[in-house]
Amino acid sequence: MVSVFRDPILAAIRGLESELSGGPRADLPPPVETLGSLLLEREARLRAIEREQPEHELLAAIPDAAGLISREGVIRAANTALENLAPGGRATGLTVLEITRNGELGEAARRALEGSAKRLEVQLGRRAFLTHLVPLVRGEVLVLLRDITEQRLVDSTRRDFVANASHELRTPVTAISGAAETLLSGAMNDPAQARHFLDMIARNADRLAQLTRDLLDLSRVESRQWVISLEPVYAAVAARSAAEACADGARRKRIDVRVELPEEIVVRADVRALEHVLVNLCDNAVKYTPDGGRVTVSAEQTEDTVTLSVVDTGPGIERHHLPRIFERFYRVDAGRSRESGGTGLGLAIVKHLVQAQGGDVGVESGAAGTRFWVRLPRAAPRQAPAAPGATVTHS
Ligand code: ADP
């Protein structure tokens, strides 16, 4: 056939159309032949992907690390989480043993290929996994690895908390029942002894009350039952009421509590939560500062934030305690804390309340004393400051 088309591709198309409708075999130029075979290859590849797609789609939809072990014992298809577990980020083509370097799991995979399903917990490096190996009808095995590291951590934190709380509750309960028994077995007839044991009962009942209050506060904050409503709050007003709340203790120890912050500073906070935080920090500062010391509440602001500080002239906290100081029941000196009515929960409550208000909390300490700080978002004032006076001193 003599081509009348100048464009060789158009000529080839017309030639093929004519061949397919019964004409003579089209004579195609080499580039068109190459293009044809490339198109065929692309088509074949797409078909292959489509064939595998359901498996890959399924594996990708599983939130755990998941893959299929072929009858030959190597991973034939894997989702990204499983690929990431393998050395070099490529699980496909490797055995379960090569991926996890865990003999128990390697053996379980082998047994699963023989038909027995297996569920086991393994530790891979620092992470814990719950693993399922499920034999499938074609003789292959589905392997699933669920990362349970966080869950394990939560479980052990909860166990520690229950153990600590029980221990804290048991101490005053034991003291109360011991004192009551002693009274009943005769001490109540001796006025001096009776007074001593009744004092003991009253002191430990107070401790129990404080402990249950703190436990309830902590659980309300953690379970978000303590509803936080953020609004503009004058920092000086909150700081003054915290200082007032600690005034009795401060007076007893002749500690000078100063509130030194500009009246116009306004934070975005929940009034009750902020006061609770400042009372806890002031209360600690007074508790741990020796007689005649000083506690200062101050604030500074940037364009977006306000940092409130409670600074004392106490003995300071050794450096190695600082990273754990906000943990529940963590105390530098348990005896000293209990003696002064501490529960070991105050700073944990502070941390949760500050975080619930969208802020940060921290501590710095040295030989000259301790500074606890709370950083909260700055807010625009809603109205003029309620009360004048920049400095309030309790001594
Ligand atoms: P507690 O009820 O024991 O005071 P907190 O959670 O409030 O519990 O504080 C945890 C521990 O941090 C305290 O037991 C104490 O050892 C230490 N601590 C807190 N505030 C201060 C402070 N201002 N100066 C020195 N130590 C402090």
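Both ligands and their constituent atoms are indexed starting at 1 by order of listing. Just so it is clear, the model here is predicted, and its values are computed rather than measured.
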Atoms of ligand 1 under 4.0 Å from any heavy atom of Tyr330, numbered from 1 in the order shown, are 10 (C), 11 (C)
| task | Give a yes-or-no answer on whether the side chains of Thr149 and Asp147 include a donor-acceptor pair shorter than 3.5 Å. | result | yes
For Leu345, the atoms of ligand 1 under 4.0 Å from one of its heavy atoms are 6 (O), 8 (O)
Test your reading of the structure: does Gly344 have an N or O sitting under 3.5 Å from an N or O of ligand 1? yes
of all protein heavy atoms, closest to atom 24 (N) of ligand 1 is Tyr288 CB, 3.5 Å
So CG of Leu308 and CH2 of Trp373: to nearest 0.5 Å the spacing works out to 11.5 Å
Atoms of ligand 1 under 4.0 Å from any heavy atom of Phe372, numbered from 1 in the order shown, are 20 (N), 21 (C), 23 (N)
Could you go through the side chain to side chain donor-acceptor pair (under 3.5 Å) check for Gln210 and Arg207 one step at a time? CA-CA 5 Å; Gln210 182 62 44; Arg207 227 178 110 193; over 6 Å; no
closest protein heavy atom to atom 7 (O) of ligand 1 is Asn284 ND2, 2.8 Å
Hey, does Val332 come in under 3.5 Å of ligand 1, counting only N/O atoms on both sides?
yes
In terms of the angle between their ring planes, are Trp226 and His276 parallel, tilted or perpendicular, with boundaries placed at 30° and 60°? perpendicular
Could you check whether Glu107 pairs with Lys118 (Lys NZ or Arg NE/NH1/NH2 to Asp/Glu carboxylate O, under 4.0 Å)? no
Below 3.5 angstrom, do we get any N/O pair linking Gly346 and ligand 1?
yes
Closest heavy-atom approach to atom 23 (N) of ligand 1 among Thr370, Asp312, Val295 is made by Asp312
Arg146 NZ/CZ over Phe129 ring centroid, <6.0 Å and within 45° of normal: no
For Ile325, the ligand 1 atoms with a heavy-atom partner under 4.0 Å come out as 12 (O), 17 (C)
If we only count N/O pairs under 3.5 Å, is Leu347 in contact with ligand 1? yes
Interatomic distance, CD@Glu98 vs CD1@Ile75, rounded to 0.5 Å, equals 10.0 Å
for atom 2 (O) of ligand 1, nearest protein heavy atom and its distance come out as Thr343 N, 2.7 Å
May I ask you to decide whether Glu364 forms a salt bridge with Arg319, counting only side-chain N to carboxylate O separations under 4.0 Å?
no
Quick test of your reading of the model: are Asp256 and Arg294 salt-bridged, counting only N-O distances below 4.0 Å? no
Candidates Asn280, Ile317, Val363, Leu322; heavy atom nearest atom 25 (C) of ligand 1 found on Ile317
Lys287 heavy atoms within 4.0 Å reach ligand 1 at atoms 1 (P), 2 (O), 4 (O)
The closest protein heavy-atom partner of atom 3 (O) of ligand 1 is Ser337 OG, 2.5 Å
Take atom CG in Asp27; do more than 12 heavy atoms of anything else shown fall under 6.0 Å from it? no
